[in-house]
Amino acid sequence: MRARETFRAAVEAVQPDTVVRQSIERNGDSVVIDGRRFTLSHNMHLVGFGKAVLGMAAEVERILGDHLVRGVISVPHGMQQTLQQHGKSHLLLKADSRIKVMEGAKHNLPDDDSLKAAEGIKQLATELTEKDLLLVLISGGGSALLPAPVPPISLQEKLDVTRRLAAAGATIQELNKVRRALSLLKGGGLAHHAHPAQVVSLILSDVIGDPLDLIASGPTVTCEVWPEEVLSILERHKLLSSMPASVTQVLARQGPRWKDSNKHSDSPGEALNAVIGSNTVALTCAGRRVRELGFRPVVLSPGVCGDVRLVSRLYGLLARFACSQEEPSPEIAAEVLRLGPEVGVESWDLCRTMQVLGEGRAEGWGATCVLAGGEPTVELTGKGRGGRNQELALRVGLELKGLELPPQGPVFLSGGTDGQDGPTEAAGAVTDAGLYDEAQAQGLDIDGFLSNNDSYTFFSRLSGGERLLVPGLTCTNVMDVHVLLIPPIPIKIS
Ligand SMILES: Nc1ncnc2c1ncn2[C@@H]1O[C@H](COP(=O)(O)OP(=O)(O)OP(=O)(O)O)[C@@H](O)[C@H]1O
Ligand SMILES: O=C(O)[C@H](O)CO
């Protein structure tokens with residue numbers, strides 16, 4: 001219950017309307033965003049793209065009123081109806097809204113609908129003057145919702161390149177560097193088109209480290225495209241020799257990609273880019289909630305990545321370190337530190353976390369909660385149904401075996417903040433040291449489910465699915481959240 005409540009607090013902290021409300025301060029005819037004041041005189045325009053921007057736009061509309069003169073946002077197919085069905089009308093625009101909502105990018109892939117939306121956004125930006133302010137709302141999924149291939153690349157060709165890169169296991173960093181090089185609006189292209197208007201971007205980050213130039217491929221972050229870097233990414237994934245001629249032609253060009261645009265200015269365009277919601281924000285708020293629940297929180301890292309097997313090993317070791325009734329063995333600490341670089345966690349963060357866990361044990365501070373986030377990966381070898389959060393929780397459950405402590409041992413939760421883990425209805429799962437015995441008693445062979453990447457089926461069958469985490473539509477996405485609750489440890493006095 002407490003792990004679920006902590007996850008709920010993490011998701012609550014990064015709701016699209018909440019993060020916008022916290023980042024725009026309206027004082028009469030001006031607004032302050034990220035410490036900068038902007039004067040309003042019915043000159044505010046809005047564009048947005050991403051899975052969470054409808055709710056962000058609804059809040060902007062409430063805050064700016066009549067000063068918002070028009071807008072175009074590109075959101076996932078079926079978004080408005082889904083929000084309506086889930087009773088989330090506070091995330092929908094007013095009936096007489098000045099913002100046009102365009103839905104597209106079925107299955108998170110660019111399509112003709114999102115291409116039309118991108119054209120609408122480009123058109124709006126191009127028409128702005130120096131008197132105008134352009135507010136840009138950006139969230140995860142933005143890349144697919146803002147496709148504008150550099151001519152002569154066709155949408156289909158660009159889609160093929162990104163699809164093949166993703167299938168070859170390219171990281172989001174690699175993928176978005178390639179997308180930037182092939183797009184008129186990414187990598188600062190949108191800011192260029194909006195010049196000479198003032199441009200302010202409010203960003204809900206879904207990438208580890210919150211890199212402005214990579215979230216939704218950085219449409220308002222001017223950055224140099226290095227064709228050599230893009231070519232080496234394509235080569236690394238063995239795709240270089242099969243690139244369409246149009247792609248090779250565009251990569252061979254010198255100078256900015258927007259040379260072909262009808263904007264009569266070479267200015268890269270300036271923008272204020274503000275990250276208003278992120279995994280860090282979610283973990284900080286989860287920490288506050290967990291304290292109210294009686295735990296001492298320690299945030300390990302918002303950048304956990306790497307293979308779920310290694311990540312589960314790390315959490316298993318940390319739990320063992322914290323729960324040991326005698327002095328924890330230095331070998332555990334050494335193994336934790338060895339794993340760090342493979343799962344994206346700095347030694348300093350591991351040492352700090354182990355220190356808090358050690359203090360919790362030795363000084364009898366009672367319960368501790370390790371909070372972390374990020375986006376581990378699963379190497380898919382089977383054909384089952386699951387997701388990285390459910391697979392991680394399952395593996396951590398196995399790692400915790402033997403750590404049963406009365407009345408309750410450590411508890412682990414892993415959940416996707418978007419409410420969806422892989423192609424399943426669940427966001428993740430909650431496990432503890434009793435998982436193995438529970439599965440055995442119900443005739444469920446954990447290894448079999450794991451080797452078939454069938455974690456969702458496993459958790460659905462186990463105890464009537466009660467370990468699944470099913471928050472429903474969360475309307476946000478700041479990657480995954482991991483919660484490791486450590487109970488007070490009865491220390492042996494020697
Ligand atoms: N059967 C499975 N078991 C474990 N993981 C899976 C399974 N099927 C898919 N996945 C993983 O789920 C991920 C895709 O799911 P999801 O759509 O939740 O990803 P995402 O990166 O969170 O997407 P977004 O950024 O759009 O939220 C991939 O990392 C993929 O490896
Ligand atoms: O849209 C994208 O590019 C991804 O969600 C990362 O931001």
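Position 1 is the first residue of the sequence; numbering continues from there.
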So how far is it from [X] [atom1] to [Y] [atom2], rounded to the nearest 0.5 Å?
X	Y	atom1	atom2	result
Cys475	Met79	SG	CE	5.5 Å
Leu413	Arg2	CG	CZ	13.0 Å
Cys305	Ile172	SG	CD1	13.5 Å
Leu185	His192	CG	NE2	9.5 Å
Thr476	Met56	OG1	CE	8.5 Å
Leu371	Cys285	CG	SG	11.0 Å

Should the ring pair His482 and Tyr315 be called parallel, tilted or perpendicular, given that the plane angle runs from 0 to 90° and is split at 30 and 60? perpendicular

request  = Would you confirm whether Lys186, through its side chain, and Leu146, through its main-chain N or O, come within 3.5 Å as a donor-acceptor pair?
outcome  =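 The answer is yes, because a donor-acceptor pair under 3.5 Å joins these two groups.
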
Any donor-acceptor pair under 3.5 Å from Ser414 side chain to Ala393 backbone: no

Can you give me the closest heavy-atom contact between Thr353 and Asp349, atom names plus distance?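 Here Thr353 and Asp349 meet closest at OG1-O, 2.8 Å.
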
Heavy atoms of Ser217 and Ser143 approach each other most closely as OG-OG, 2.7 Å

Look at Glu391 together with Arg388 and state whether they make a salt bridge at an N to O cut-off of under 4.0 Å.
->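 No salt bridge links Glu391 with Arg388.
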
